Structures are given as structure tokens and as C-alpha cells.
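As the structure is a computational prediction, the values presented were derived from the model and not from experiment.
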Amino acid sequence: MAEYKLLKTEGRAKRAEFHTVHGTIQTPVFMNVGTIGAIKGAVSTMDLHEIGTQVELSNTYHLHVRPGDKVVKQLGGLHKFMVWDKPILTDSGGFQVFSLAKLRKIKEEGVHFQSHIDGHKIFMGPEESMQIQSNLASTIAMAFDECPSSVADRDYVQKSVERTTRWLARCKKEMARLNSLPDTINKNQLLFGINQGAIYEDIRIEHAKEIAKMDLDGYAVGGLAVGETHEEMYRILDAVVPYLPQNKPTYLMGVGTPANIIEGVDRGVDFFDCVYPSRNGRHGHVYTNHGKMNMFNAKYELDTRPIEEGCQCPACRHYSRAYIRHLLKAKEMLGMRLCVLHNLYFYNHMMEEIREALDEGRFAEYKKMRLEGFLRGE
């Protein structure tokens with residue numbers, strides 16, 4: 001089964017290994033987001049190997065809607081379906097409770113949705129979310145939760161968090177049952193619980209204490225990067241991470257920019273995911289050690305340099321800024337693909353540098369150098 005091995009700490013920052021049935025994850029780690037079993041931007045799982053991806057993240061709700069989790073199970077599970085032999089984390093569908101607010105109704109038993117594709121009615125509660133994730137056979141399943149808005153009033157947040165705790169107990173019970181069934185593909189599926197509480201420190205801390213008692217495989221901080229400021233997010237992390245088990249992985253969901261990630265590592269976070277690198281790449285915005293660049297900019301028309309000198313991604317090893325700009329302007333898919341590959345490589349490589357800095361006891365120095373570089377601009 002899973003084992004989280006803490007190798008080194010520097011301040012609150014943690015350097016660890018997380019052993020799973022699909023391989024060992026070196027942390028801190030950035031998970032590359034492939035919502036429907038693929039990274040948007042024509043990126044294959046062969047590409048993911050080439051750019052140093054450790055963990056791929058897919059979405060329970062989206063795969064349930066299409067092609068259907070039972071179809072994926074019949075095809076041997078998500079690893080086999082998408083031809084990926086490393087760890088996969090599936091989020092629970094809980095975030096869709098937040099993002100599809102106009103299409104859902106929340107009750108104690110679970111959430112009634114309308115499909116965003118064809119409007120058909122869907123019900124998902126803790127048991128259904130666990131069943132879908134078991135069919136997908138991911139390495140790590142996320143508990144089903146409600147993600148209240150960061151601006152929701154205190155009374156609503158308190159009641160929502162209490163329900164999320166009750167849902168977590170149901171998730172744990174259902175996963176134990178599913179992992180014991182003879183036809184379950186991954187009988188070693190892991191369960192991470194999710195801390196909620198919007199921007200109320202006391203609710204967050206109380207919830208962290210409650211879920212820590214459940215002895216789960218890992219713990220996430222959810223409901224951040226949904227409208228609050230970066231400063232509020234860091235304040236919540238400062239408050240809540242010390243109350244999550246230090247001998248288990250901590251995952252900050254849906255975050256964020258390179259600077260957000262470095263600040264998260266500094267506050268004890270192990271796992272990150274975000275759509276920024278792929279989404280921005282598809283719009284011609286690329287990350288570098290000197291901040292973000294817009295490849296549509298006219299100043300790159302005759303620029304024969306790579307996106308970033310010294311970068312070993314597939315785009316920078318072969319192509320010029322001028323060529324990539326031309327592809328984007330011509331709406332050629334290759335331009336989008338090269339920008340996405342560069343951004344994901346940038347994130348994965350930054351995590352390697354972070355791990356190396358922690359190994360060598362110079363993370364504080366690395367953080368200062370990187371944050372200053374991002375601010376300097378090109």
C-alpha cells in the first residue's frame with residue numbers, strides 16, 4: 001500500500017517520496033491536468049513521459065458523462081485506456097458542484113446535476129463518486145465534497161463543511177467496500193480527503209482537525225484560487241496546513257501560477273495541479289524564468305531565439321519564437337501544441353529544481369531568486 005516518506009524539511013517546506021501501486025511520486029510535484037483523459041492541446045501520453053510528468057490528473061464528472069466510467073472499466077481502466085503507466089489522480093466531481101452552480105441542486109444525499117453536454121439528469125453523492133473513481137481505477141481518488149464560494153456567508157460555509165465531513169465518512173466506507181470486491185481493477189486505490197471552509201480560518205482549522213482523525217492516505221486544501229486574493233490564500237495555508245497530518249501528503253487543489261506554487265511549497269504543500277500551463281499555452285502565452293510572454297506579440301516576428309534560452313522542452317530544442325508566432329497567427333494546431341508542451345515542461349522542470357533545492361538545503365535562496373526573476377519580466 002501507499003507509503004509517504006519524508007526525506008527533508010526546510011522551514012515548513014517538505015521534500016518527500018510517495019510510494020503508490022503505480023510508482024513512486026517525488027514531491028513537491030505538479031500534476032498535469034488531463035480533464036477528459038487527455039491534456040488539451042494535442043498532447044499525448046508519450047509527450048507526458050518526454051516532458052517529465054509524474055502524475056496525470058483526470059476529472060470524475062467529465063469521464064462519467066463521456067465516454068462513461070463503465071465503458072472505461074470495460075476497457076481495463078483509465079491507465080490502459082489512455083496508455084499511461086504512472087500515477088493518476090481523479091478529482092471527485094465536487095468542484096463541478098461549484099462550477100456548474102446553475103445546473104445543480106445540493107441535498108444531504110448528494111447533488112442533482114444536469115449534464116453540461118446534453119442536459120440529462122445526473123445524481124452524484126459520495127458513494128456514486130467513489131464507484132465512478134473505482135471504475136476509472138485511478139491511483140488516488142478524491143473524496144466528494146462541496147466547494148463553497150470564497151464569498152459565501154459564514155453560516156452557509158459552516159453547514160457546508162459539516163456536510164462535507166459527513167460525506168467524507170461515507171466516501172471512506174464505500175471505498176473500503178469497493179477495494180474488497182473481486183472485480184475491482186485497482187484494489188489499492190487511495191483516498192484523499194478535502195479541507196474546506198472558504199476564507200474562515202477557524203472553520204478551516206476545525207475541519208482539518210476533524211478529517212485528520214480519519215487517517216486517510218492524503219489531505220487536500222480545496223476551495224482556494226476561486227476568487228479570493230493571493231494574500232488571502234497564503235493566509236489560509238499558513239493557518240490550516242499545520243493542522244493537517246505532517247506524515248501524509250498535502251495537496252493544494254487547482255493552484256496555480258509558478259509563484260503560487262513556490263509560495264505553496266514554502267508553506268508545506270506537496271501536490272499541485274492547475275489548468276494554467278495548458279490553457280495559457282493554447283492562447284500563445286508561455287511561462288519563462290523571467291515571467292510570462294505573449295507569443296502573438298509583433299516583436300517576435302523576426303526573433304530566431306527559442307522561447308527560452310537553455311530550455312530543453314521539445315519546442316525550445318527545435319523551433320524559434322518567429323516560427324511559433326507564425327503558427328499561432330495562422331491558427332495552426334502545432335503552434336498551440338508547442339506552447340502547451342513548453343509550459344508543462346516549464347512547470348515539471350521547476351518542480352525538479354524545487355526538489356533539488358530542498359535536497360541541498362537552499363530552498364529559501366531558490367525561492368528568492370525565482371520570485372525576483374518572475375517580477376523582472378523579459
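At least one cation-pi condition fails for R325 and F296: the charged atom is not both under 6.0 angstrom from the six-membered ring centre and inside a 45 degree cone around its axis.
Below 30°, between 30° and 60°, or above 60°: for Y323 and H326 the angle between ring planes is between 30° and 60°, a tilted geometry. Between F271 and Y251, the two ring planes are tilted [angle within 30° to 60°].
Nearest heavy-atom pair, M336 versus L328, reported as atom, atom and distance to 0.1 Å: N-CD2, 3.8 Å.
Annotation for Y243: atom OH does not count as buried by contact number, only 12 or fewer foreign heavy atoms lying within 6.0 Å.
Panel note: side chain N343, backbone P277; a donor-acceptor pair is recorded below 3.5 Å.
The closest side-chain heavy-atom distance from T90 to M142 is not below 4.5 Å. The shortest side-chain heavy-atom distance between L168 and M214 falls under the 4.5 Å cut-off.
A salt bridge links E146 with R163: at least one charged nitrogen is closer than 4.0 Å to a carboxylate oxygen. In this structure, K5 does not pair ionically with E3, as no charged nitrogen and carboxylate oxygen lie closer than 4.0 Å. Using a cutoff of 4.0 Å between basic side-chain nitrogens and carboxylate oxygens, E127 and R177 are not scored as salt-bridged. Under the 4.0 Å criterion applied to side-chain N and carboxylate O atoms, D359 and K8 are not assigned as salt-bridge partners.
Ring to ring, W84 and H22 are not that close: their centroids are 6.0 angstrom or more apart. Taking the ring centroids of Y347 and Y287, they lie under the 6.0 Å cut-off.
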Show me the side-chain donor-acceptor pairs of residues 32-40 shorter than 3.5 Å, one per line, residues at least two apart or across chains.
unit_1 : atom_1 : unit_2 : atom_2 : d
N32    : OD1    : T53    : OG1    : 2.7
N32    : OD1    : N348   : ND2    : 3.2
N32    : ND2    : N348   : OD1    : 3.2

Run D270 and F18 through side-chain contact (heavy atoms from CB on, under 4.5 Å) and show every step you take. CA-CA 10 Å; D270 299 270; F18 190 47; over 6 Å; no

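Only one option out of T164, T165, D202 pairs with H207 in a side chain to side chain donor-acceptor pair (under 3.5 Å); it is T165.
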